[in-house]
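Below is one structure, written out as structure tokens, with a few remarks after it.
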Amino acid sequence: MERVESKASFGGRQEVWVHDSEVLGVPMRFGIYLPPQAAEGACPVVYFLSGLTCTEQNFITKAGAQRAAAELGLIVVAPDTSPRGEAVADDAAYDLGQGAGFYVNATQAPWAAHYRMYDYVVDELPALVEAHFPASDKRSITGHSMGGHGALVIALRNPGRYASVSAFAPIVAPTAVPWGHKALGAYLGEDRSAWAAWDACALVAQASERLPLLVDQGDADGFLAEQLQPERLREACAAAGHPLTLRMQPGYDHSYYFIASFIADHLAHAGAALG
């Protein structure tokens with residue numbers, strides 16, 4: 001690994017590292033905030049998964065998470081959203097290819113060669129973090145938009161692995177909306193029966209763990225009606241008896257102004273579960 005950025009922040013350090021990913025077959029970057037408590041011993045980790053078009057930079061420079069992370073003694077890790085590079089398949093549109101990994105394991109050519117963001121986030125990245133930083137094996141996960149979808153799906157598919165899960169404006173039912181149709185169709189193929197394993201609403205119905213879900217959604221979000229449809233998650237959780245706190249935030253849109261306004265709540269949610 002190579003450290004490419006390190007800045008003092010609220011008594012800790014905001015760093016960016018690059019490493020060769022065996023899972024993805026390309027170099028990958030991730031941001032990591034190390035709170036002041038990390039100088040004294042291992043700290044729990046919150047993973048933040050970003051949305052379409054983002055790199056690790058969007059979250060670490062715009063979300064304002066460092067203050068709350070320092071107060072709570074949380075390491076916060078923000079990976080890139082996809083593999084990147086000349087050898088990596090891409091698409092001209094913003095919602096497919098590089099910057100749009102969707103946190104799935106692709107099975108279709110040409111994507112299957114590198115697009116295994118699920119395995120990267122669940123296995124490779126935590127192993128790297130816990131081996132090279134003062135990080136405990138206590139983990140929580142959260143994310144925004146495409147990353148909110150990723151956080152919910154990853155937590156629901158891995159009972160016992162995460163102490164908490166939350167999301168900002170997540171794509172809760174990718175099998176039912178245009179963003180999901182495009183990405184899942186490309187990465188997984190046209191057999192829609194395979195898509196349900198990557199749909200939070202479908203996974204809630206069969207979840208073996210009742211990990212409480214915290215979701216914030218702005219009611220002025222331009223993607224709300226067509227792409228996000230949080231009411232689908234409310235209905236799925238009600239039918240399954242799965243605990244959900246869905247907060248519709250008046251006047252907020254899909255931007256990082258929205259995330260910055262409520263990131264402290266989400267880190268506090270994680271911190272309470274992580275102890």
Side-chain angles (χ1 to χ4, degrees), residues 46-52 54 79 81 95 100-106 115-122 139-188 191-218 221 223-249 254 258-259 262 266 269-270 273:
V46 178
Y47 291 86
F48 183 92
L49 307 183
S50 294
L52 291 166
C54 290
T81 52
D95 53 359
F102 242 79
Y103 304 101
V104 303
N105 286 339
Y115 284 78
R116 301 185 63 83
M117 286 299 294
Y118 174 83
D119 281 352
Y120 178 71
V121 170
V122 173
R139 313 173 197 92
S140 288
I141 193 164
T142 184
H144 172 231
S145 194
M146 176 185 73
H149 141 78
L152 294 174
V153 165
I154 285 170
L156 289 166
R157 285 176 57 123
N158 293 275
R161 187 166 180 80
Y162 299 95
S164 74
V165 59
S166 67
F168 297 84
I171 307 168
V172 301
T175 61
V177 300
W179 273 342
H181 289 172
K182 183 174 184 177
L184 299 182
Y187 297 145
L188 305 177
D191 178 5
R192 297 197 175 195
S193 64
W195 296 5
W198 307 98
D199 184 299
C201 289
L203 291 169
V204 159
Q206 55 190 355
S208 61
E209 178 187 41
R210 292 292 186 250
L211 193 64
L213 312 181
L214 169 63
V215 174
D216 273 318
Q217 172 64 63
D221 190 321
F223 300 112
L224 178 60
E226 183 179 26
Q227 305 284 11
L228 305 177
Q229 301 181 12
E231 67 276 4
R232 291 180 179 270
L233 184 63
R234 180 189 287 117
E235 292 165 2
C237 287
H242 197 106
L244 167 68
T245 300
L246 173 59
R247 308 192 305 186
M248 298 300 298
Q249 302 292 359
H254 202 69
F258 164 56
I259 297 172
F262 300 103
H266 286 244
H269 172 73

- Any idea how F168 and F48 line up, ring-wise: parallel (<30°), tilted (30 to 60°), or perpendicular (>60°)? tilted
- Item | S166 side chain to H266 side chain, donor-acceptor N/O pair below 3.5 angstrom | yes
- Does the separation of the ring centres of Y187 and F102 fall below 6.0 angstrom? no
- Shortest non-hydrogen contact from A167 to G148? CB-CA, 3.8 Å
- Those residues that, when tested against H254, pass ring pair (Phe, Tyr, Trp, His ring centres under 6.0 Å) (two or more places apart): H144, F223
- Task: Report yes if the side chains of V104 and W195 come closer than 4.5 Å at any heavy-atom pair, otherwise no.
- Result: no
- Scanning both residues in full, the closest heavy-atom pair of C54 with T81 reads O-OG1, 2.6 Å
- Message: Test your reading of the model: is there a side-chain donor-acceptor pair from E209 to the backbone of G160, 3.5 Å cut-off?
- Response: yes
- Query: If we only count heavy atoms from C-beta on, is the L224 to P230 side-chain gap below 4.5 Å?
  - Reply: yes
- Main-chain N/O of L52 paired with D95 side-chain donor or acceptor, under 3.5 Å: no
- Item | Heavy-atom side-chain contact between W179 and M146 under 4.5 Å | no
- Item | Side chain to side chain, Y103 and L49, heavy atoms closer than 4.5 Å | yes
- Note on the structure: For L203 and A197 the tightest heavy-atom approach is CD1-O, 3.7 Å
- Message: Minimum heavy-atom separation for A173 and R232, please, with both atom names.
- Response: CB-CD, 3.6 Å
- Closest heavy-atom pair, A155 versus I141, reported as atoms and distance to 0.1 Å, is CB-CG2, 4.1 Å
- Task: Would you indicate whether the side-chain heavy atoms of R192 and H181 approach each other to under 4.5 Å?
- Result: yes
- Message: Do P212 and T245 have side chains that approach each other closer than 4.5 Å (heavy atoms only, starting at C-beta)?
- Response: no
- Heavy atoms, side chains only, cut-off 4.5 Å: are L228 and V172 in contact? no
